[in-house]
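Below is one structure, written out as structure tokens; comments come after it.
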Amino acid sequence: MIEEPDIPCRCTYKLGDPKEKSPHVHEKWEPRKPGIFSSTLDAIGETPMIRLDRLAQKEGLDCELIAKCEYFNSGGSIKDRIAIRMLREMEKTGKIKKGDTIIEPSSGNTGVGLALVTAVMGYKCIIVMPQRMSLEKEYTMRALGAQLIRTPASGFKGEDTHIGYAFKLQRETPNSHILNQYVNPYNPIVHYDVTAEEIIHQCDGKIDMVVIGAGTGGMVAGISRKIKERIPTCQVVAVDPVGSIMAEPKELNADGAMPFQVEGIGHDFVPTVLAKDCIDRWIKVGDKETFLMARRLIKEEGLLCGGSSGTTVVAAIEACKDLEAGQRCVVLIPDSIRNYMTKHLNDDWMVEQGLMDDYDLGRENPWWWNKPLSAIKLKPPVTSKSDITCKQALDLMEQKKVDHLPILADDGALVGIVTMQSLSAKLIRNGCTLDSNVSQALSPEYPSVPHDLILGRVSRIVERGLFALVKQTHTKDVLVVTRSDFLAFITDQQS
């Protein structure tokens with residue numbers, strides 16, 4: 001039976017307990033000798049630590065700020081460590097054999113790590129990932145031979161979530177196994193046994209503070225416990241994005257669970273492996289601070305890191321204000337820029353998400369930039385009820401000369417949107433037939449914008465996606481804004 005990811009932590013660990021009391025298998029870490037590796041798996045771990053002197057100086061810090069750069073792992077993230085350890089520990093149980101299928105819900109990095117590890121170790125791999133995660137992660141996993149399934153939602157409540165669907169898929173797939181990173185004790189144990197030991201060794205035991213982001217929570221749980229055992233005076237700071245609910249005290253999460261853009265960190269539940277007994281302080285960081293800092297790390301320090309690295313470094317700069325000259329803070333850099341080339345590395349994406357303005361890029365905003373979307377008099381779009389076939393939807397779009405068709409329930413509520421692109425993709429790949437119900441060809445994702453969003457941000461969204469659904473607060477009437485609406489508005493106003 002697969003355990004749900006938010007069951008209370010049952011770990012009996014107590015600071016100071018001898019290892020002999022542990023019910024788990026621990027490994028003794030020793031620095032590896034230089035030489036030729038047998039496979040890419042041998043290149044996981046022993047990642048470098050790099051001083052962030054330029055950033056520290058600009059931020060006016062007195063202490064040393066040092067990054068543990070986990071994107072040097074084979075798969076590009078710290079999750080490679082848990083992927084190989086969880087799979088090897090399952091092999092020891094005898095419950096798995098070569099050729100079996102590993103299924104895992106993941107926001108991406110564990111998925112990439114498992115796709116890489118299973119490719120080398122001789123297993124099949126299926127990763128279930130939420131739709132909002134980057135395409136770069138999907139392409140990487142597919143290139144490694146994994147099958148990828150996208151779900152509309154994250155979390156575990158319901159089969160439309162990545163965890164819920166993975167559990168369902170495992171029940172239906174013979175000879176399949178879920179390693180379950182949210183519950184698996186070897187998630188935190190590999191960081192206790194190895195990652196923390198590396199940090200202590202590389203710093204010669206001189207660490208005054210360590211700052212760690214909370215994804216599943218295994219990294220912060222494992223590292224914090226080993227650090228407190230070996231260096232009791234070291235402060236442990238955990239980092240949680242605004243919109244997640246993992247931080248303590250609960251007052252830090254006063255706004256509750258909300259959507260956020262940064263990937264691989266934060267959840268709308270508290271994973272089982274997140275033991276908080278050795279964490280001294282939590283810091284919350286928002287998306288804008290996160291991505292601007294991630295871009296600074298690339299530009300100012302030459303670290304080709306991902307978005308959540310910005311989250312942890314923003315928190316580290318805040319926490320380091322309590323440290324003095326001669327003291328040292330270590331901050332974990334979880335993954336690489338490879339996964340986010342079309343996201344925070346992209347100027348237009350940053351503007352589209354409201355994280356930057358055009359003037360930040362040295363571009364002058366046009367006259368209509370700050371006007372609200374309501375300035376455009378949008379006409380009701382062509383819509384259809386949900387009882388039509390794919391062929392009827394195709395005929396209607398061709399007749400009305402539109403490339404998208406909102407599909408409505410009998411009560412007028414939006415079911416989804418079918419586009420020429422989603423329909424043709426399904427037909428070409430045998431995902432449906434012309435006689436199938438249109439619900440089988442709905443677009444897996446489409447942009448949506450608040451009705452009061454400024455036109456500048458709306459323009460960036462429709463440039464990338466041709467149209468956007470307009471979210472209205474007091475009615476379920478459907479409105480759509482398109483490039484044509486923009487062009488008509490601008491030309492009308494100018495004439």
Side-chain angles (χ1 to χ4, degrees), residues 1-14 17 19-30 41-42 44-47 70 73-75 77-97 100-107 109-118 120-123 125 127 163 166-167 170 176-199 212-227 229 264 267 270-278 332 334:
M1 180 179 174
I2 302 170
E3 295 179 311
E4 292 198 334
D6 68 337
I7 58 174
C9 182
R10 296 166 301 189
C11 184
T12 58
Y13 170 93
K14 288 192 176 86
D17 278 355
K19 265 189 195 168
E20 292 72 27
K21 289 188 67 175
S22 172
H24 307 296
V25 177
H26 287 273
E27 296 178 351
K28 183 180 179 181
W29 177 81
E30 294 180 354
L41 304 186
D42 295 333
I44 296 173
E46 298 208 18
T47 52
E70 287 295 303
N73 285 303
S74 294
S77 88
I78 196 166
K79 295 294 190 175
D80 295 355
R81 296 176 183 267
I82 73 169
I84 190 169
R85 182 67 179 269
M86 291 191 302
L87 188 51
R88 283 177 172 168
E89 292 298 334
M90 177 167 272
E91 283 184 328
K92 292 175 185 177
T93 68
K95 296 178 182 177
I96 188 172
K97 63 184 184 299
D100 281 4
T101 301
I102 300 298
I103 299 172
E104 187 72 11
S106 170
S107 60
N109 281 327
T110 303
V112 171
L114 278 172
L116 182 144
V117 170
T118 54
V120 175
M121 293 177 67
Y123 298 95
C125 184
I127 302 299
I163 300 174
F167 288 2
Q170 192 274 332
S176 67
H177 315 267
I178 288 183
L179 300 178
N180 203 352
Q181 60 179 317
Y182 304 98
V183 173
N184 195 310
Y186 290 100
N187 175 348
I189 285 173
V190 71
H191 297 301
Y192 176 90
D193 285 350
V194 181
T195 316
E197 289 286 356
E198 289 178 19
I199 293 170
I212 311 166
T216 60
M219 175 169 58
V220 66
I223 293 176
S224 66
R225 286 177 165 179
K226 177 58 67 74
I227 290 287
E229 283 180 8
H267 286 289
V270 179
T272 301
V273 295
L274 177 54
K276 302 179 180 181
D277 51 314
C278 291
L332 273 289

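- Smallest separation of non-hydrogen atoms from S106 and I127: CB-CG2, 4.1 Å.
- Atom-to-atom distance recorded for L87:CG and N184:CG is 10.5 Å, nearest 0.5 angstrom.
- Remark: K28 NZ is loosely packed, at most 12 non-hydrogen atoms of other residues, nucleotides or ligands lying under 6.0 Å away.
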Q. Is there a salt bridge (charged side-chain N to carboxylate O under 4.0 Å, His left out) between R88 and E27 once you walk through the steps?
A. CA-CA 12 Å; R88 283 177 172 168; E27 296 178 351; over 6 Å; no
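- At a cut-off of 3.5 Å, with distance as the only test, no side-chain donor of Q181 or T216 sits close to an acceptor on the other residue.
- Nearest heavy-atom pair across V273 and A221 is O-CB, 3.4 Å.
- The backbone N or O of E70 lies less than 3.5 Å from a partner atom in the side chain of N73, making a donor-acceptor pair.
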Q: Take K226 and I199, measure what side-chain contact (heavy atoms from CB on, under 4.5 Å) needs, and give me the verdict at the end.
A: CA-CA 10 Å; K226 177 58 67 74; I199 293 170; over 6 Å; no
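- For the residue pair E30 and E46, the shortest heavy atom distance occurs at O-OE2, 3.9 Å.
- A heavy-atom distance below 4.5 Å is found between the side chains of H191 and I82.
- Considering every non-hydrogen atom in both D80 and G113, the closest pair reads OD1-CA, 3.4 Å.
- Within the model, atoms CG of L332 and CE of M219 stand 5.0 Å from one another, a figure rounded to the nearest 0.5 Å.
- In this structure, CE in M121 is found 10.0 Å from CG in L114, a value given to the nearest 0.5 Å.
- Proximity of a side-chain donor or acceptor of S77 to a complementary backbone N or O of P334 within less than 3.5 Å is not detected.
- A 4.5 Å side-chain heavy-atom check between W29 and V194 finds at least one atom pair inside the cut-off.
- A heavy-atom distance below 4.5 Å is found between the side chains of L116 and L41.
- Two residues are said to be in side-chain contact when any heavy atoms from C-beta on lie closer than 4.5 Å; H24 and Y13 fail this criterion.
- A distance of 11.5 Å separates CE in M90 from OH in Y186, rounded to the nearest 0.5 Å.
- A salt bridge between R85 and E89 is present, with a side-chain N of the basic residue lying under 4.0 Å from a carboxylate O of the acidic one.
- Taking each heavy atom of S107 and G264 in turn, the nearest pair found is OG-CA, 3.6 Å.
- In this structure, OG1 in T101 is found 9.0 Å from CD1 in I96, a value given to the nearest 0.5 Å.
- For the ring-ring contact (aromatic ring centres under 6.0 Å, His included) test, residues two or more places apart in sequence or in another chain that qualify with Y182 are H267, F269.
- Taking 4.0 Å as the cut-off between side-chain N and carboxylate O, E104 and K79 do not count as a salt-bridged pair.
- Looking at heavy atoms from C-beta onward, L274 lies in side-chain contact with V220 at the 4.5 angstrom threshold.
- At a threshold of 4.0 Å, the pair R225-D277 counts as salt-bridged, since one of the basic side-chain nitrogens sits closer than that to a carboxylate oxygen.
- Taking CG from N187 and CE from M86, the interatomic distance works out to 6.0 Å, rounded to the nearest 0.5 Å.
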